[in-house]
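Reviewing the structure listed below.
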Amino acid sequence: MSYARALRCRKCGREYPVQPLNLCDFCFSPLEVIYDYKAMAKGLSKEKLAQGPLSMWRYRDMLPVEGKEVDLGTGFTPLVKADNLGRELGLDQLYVKNDSLNPTYSFKDRVVSVAITKAEEFGFDTVACASTGNLAASVAAHAAKAGMKAYVFVPADVERGKLVGTAIYNPVLITVEGSYDDVNRLCARLVERYNWGFINLNLRPFYAEGSKTLGYEVAEQLEWRAPDAVVAPAASGLLFTRIWKGLDELAMLGLIEPVNTHMYVTQAAGSSPIVNAFQAGTLHVHPVKPDTIAKSIAVGNPADGYYALRVARQSGGGACAVTDEEIIAGIELLAQTEGIFTEPAGGVVIAGLKKLAASGLIKRNELTVAFITGAGPRTQEILSDTVSSFTVQPTLESVEEVLKAPV
Ligand SMILES: *Cc1c(COP(=O)(O)O)cnc(C)c1O
Ligand SMILES: [Zn+2]
């Protein structure tokens with residue numbers, strides 16, 4: 001049994017029964033799952049949560065699922081105290097939430113695990129998605145586990161490692177000659193025509209809920225407190241809003257103190273419609289045409305941009321965009337200080353964090369969590385110029401010649 005009560009329109013408040021539906025029939029705004037928090041709070045305690053599995057499913061009672069979960073072992077990823085990186089950036093209490101350590105190497109496993117569980121409940125035998133790469137891999141993997149058919153649509157210029165990392169699960173993999181926004185528009189037409197569970201369209205309200213577990217986990221890993229500052233990436237903006245919602249719900253349920261976390265959203269300068277709007281002081285997000293190496297978050301027309309902006313504003317946070325060169329420097333900095341190899345989305349976060357700390361927006365003594373949402377090895381092509389090595393003969397002399405040379 002779940003405590004999900006209904007779907008509710010985020011704009012006009014109209015309610016709908018729990019069903020595969022993403023947009024309000026009246027105002028076309030996104031729907032979200034609402035819960036009976038009173039009943040939920042009764043059954044919840046820190047002690048009980050601590051006894052749950054070491055995965056995102058320890059928070060099952062706070063998720064909108066009824067059936068047996070489709071789980072690859074996602075979540076409860078490390079929250080690393082990043083002292084080396086913190087020293088570099090002038091932050092005394094810096095943590096890195098390393099969510100690249102999920103089964104398919106990105107936080108997308110959280111959202112997909114919930115959405116596919118829901119797809120099974122709703123009786124779909126086929127799932128589908130529009131993806132910049134990470135979602136496709138995760139949907140394909142979960143569909144394999146659930147014995148469902150999967151159609152995944154990605155832009156044709158997706159990184160090779162992400163294609164291989166998707167194809168291995170044997171979905172129907174369709175590369176579209178166009179941008180992610182084109183792929184998304186295409187899928188919005190397909191969802192009308194085919195009775196498929198589109199993970200990020202008709203199942204989006206459930207998909208969204210999976211991201212909340214990132215907020216829950218971080219608070220639990222900090223011994224039940226919310227961070228002072230959060231730095232996270234945005235593509236559609238949904239993840240960013242749900243980290244906040246996760247923290248907010250914990251406070252509502254009485255598990256942590258009222259939340260006073262400053263939420264900072266980061267994007268690549270080549271695809272920063274949300275950051276642009278923040279800096280322009282408007283709540284209106286103007287679509288852009290993405291051009292950046294951070295392909296996993298290159299969304300020009302972010303579905304939840306407005307809501308992400310509101311979270312950044314209302315939390316007293318901010319927004320920061322970084323160039324492709326800064327992204328690569330961010331990837332290198334995280335690897336060389338903390339031993340964590342992230343993809344460009346993580347480089348965006350670290351480069352953004354660096355700027356936010358340097359400008360004094362994030363202060364030295366603030367407990368800050370940087371969210372690393374995807375792993376580096378699948379986006380190697382952007383780093384091929386950075387490999388430097390020495391070639392030697394298999395002899396001592398040859399090695400010592402290299403060691404003598406000034407480095
Ligand atoms: C999808 C994705 C995001 C952001 O997703 P939202 O659409 O903003 O929820 C961030 N990082 C990585 C690595 C992703 O794959
Ligand atoms: Zn509405």
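Being a predicted model, the structure only gives us computed values, none of them experimental. No hydrogens, no waters, no symmetry mates; every other heavy atom, side chains included, goes into these values.
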Neighbour count >12 (heavy atoms, 6.0 Å) for atom NZ, Lys149: no
Pairwise distance OH(Tyr194) to SG(Cys187) - rounded to 0.5 angstrom: 11.5 Å
N/O donor-acceptor pair under 3.5 Å between Thr261 side chain and Pro227 backbone: yes
Residues, nucleotides or ligands: over 12 heavy atoms within 6.0 Å of Gln19 CD: yes
Any donor-acceptor N/O pair, Lys48 side chain to Gly43 backbone, under 3.5 Å: yes
Main-chain N/O of Val112 paired to His142 side chain as donor or acceptor, under 3.5 Å: no
Lys/Arg-Asp/Glu bridge criterion (N-O < 4.0 Å) met for Glu401, Lys404: no
Between OG on residue Ser179 and CG on residue Asp182, distance to nearest 0.5 Å: 3.5 Å
Residue pair Arg378 / Asn134, side-chain donor-acceptor N/O under 3.5 Å: yes
Quiz item: cation-pi between Arg204 and Phe198, 6.0 Å / 45°: no
Euclidean distance, Leu44 CG relative to Tyr3 OH, rounded to 0.5 Å: 7.0 Å
Pair Glu326 + Lys355, salt bridge at N-O below 4.0 Å: yes
Ionic contact status for Arg242 with Glu32, cut-off 4.0 Å: yes
Minimal non-hydrogen separation, Ala156 against Thr175, with atom names: CA-CB, 4.0 Å
Short side-chain to backbone donor-acceptor contact, Asn184 and Tyr180, under 3.5 Å: no
Geometric cation-pi criterion, Lys97 with Tyr95: 6.0 Å, 45°: no
Check: Thr74/Trp57 side-chain N/O donor and acceptor closer than 3.5 Å: no
Exercise: do Tyr216 and Glu249 side chains pair donor with acceptor under 3.5 Å: yes
Interatomic spacing from OG1 in Thr342 to CD in Glu338 - rounded to 0.5 Å: 13.0 Å
Side-chain ion pair, Lys363 and Glu366, N-O less than 4.0 Å: no
Test item: Val65 and Val114 side chains (from C-beta on) under 4.5 Å apart, heavy atoms: yes
Sidechain N-carboxylate O distance under 4.0 Å for Arg60, Glu69: yes
Check: Ser138 side chain, Leu135 main-chain N or O, donor-acceptor pair, under 3.5 Å: no
Salt bridge Asp304-Arg310, side-chain N to carboxylate O under 4.0 Å: no
Ile168 atom CD1, neighbour heavy-atom count above 12 within 6.0 Å: no
Exercise: do Glu209 and Tyr35 side chains pair donor with acceptor under 3.5 Å: yes
Lys68/Glu120 salt bridge by N-O under 4.0 Å criterion: no
Check: Gln93/Lys81 side-chain N/O donor and acceptor closer than 3.5 Å: no
Side-chain donor or acceptor of Ser271 paired with backbone N/O of Pro290 under 3.5 Å: no
Shortest non-hydrogen contact between Lys145 and Val70, atoms and distance: CG-CG1, 4.2 Å
Donor-acceptor under 3.5 Å (Asp92 side chain, Asn365 main chain): no
Least distance between heavy atoms, Val154 atom then Ala136 atom: CG1-CB, 3.7 Å
Minimum-distance pair of heavy atoms, taken over all atoms of Arg110 and Asn102: NE-ND2, 4.2 Å
Donor-acceptor side-chain pairing of Thr373 and Asp99 below 3.5 angstrom: no
Main-chain N/O of Gly374 paired with Ser106 side-chain donor or acceptor, under 3.5 Å: no
Heavy-atom pair of closest approach, residues Val96 and Ala82: CG2-CB, 3.8 Å
Donor-acceptor pair, side chain of Glu217 and main chain of Ser55, under 3.5 angstrom: no
SB check Glu220 Arg58 (cutoff 4.0 Å): yes
Note: Lys245-Asp248 ion pair, threshold 4.0 Å (strictly below): no
Salt bridge present between Asp36 and Arg5 (N-O < 4.0 angstrom): no
Between Ser100 and Glu343, a side-chain donor and acceptor under 3.5 Å: no
Pairing of Arg160 and Asp157 as salt bridge, 4.0 angstrom limit: no
Among Asn22, Ile116, Leu7, Thr117, side chain to side chain contact (heavy atoms under 4.5 Å, CB included) partner for Phe206: Leu7
Rounded distance [0.5 Å steps], CH2 in Trp196 versus CE in Met148: 13.0 Å
Atom pair CG/CD1 of Leu334 and Ile350 - distance to nearest 0.5 Å: 4.5 Å
Between Asp109 and Ser113, a side-chain donor and acceptor under 3.5 Å: no
Ring-face cation contact, Tyr307 with Arg10, 6.0 Å cut, 45° max: yes
Glu159 side chain to Gln380 backbone, donor-acceptor under 3.5 Å: no
Donor + acceptor pair across side chains of Lys162, Thr379 (<3.5 Å): no
Heavy-atom side-chain proximity of Val322 to Thr266 below 4.5 angstrom: no
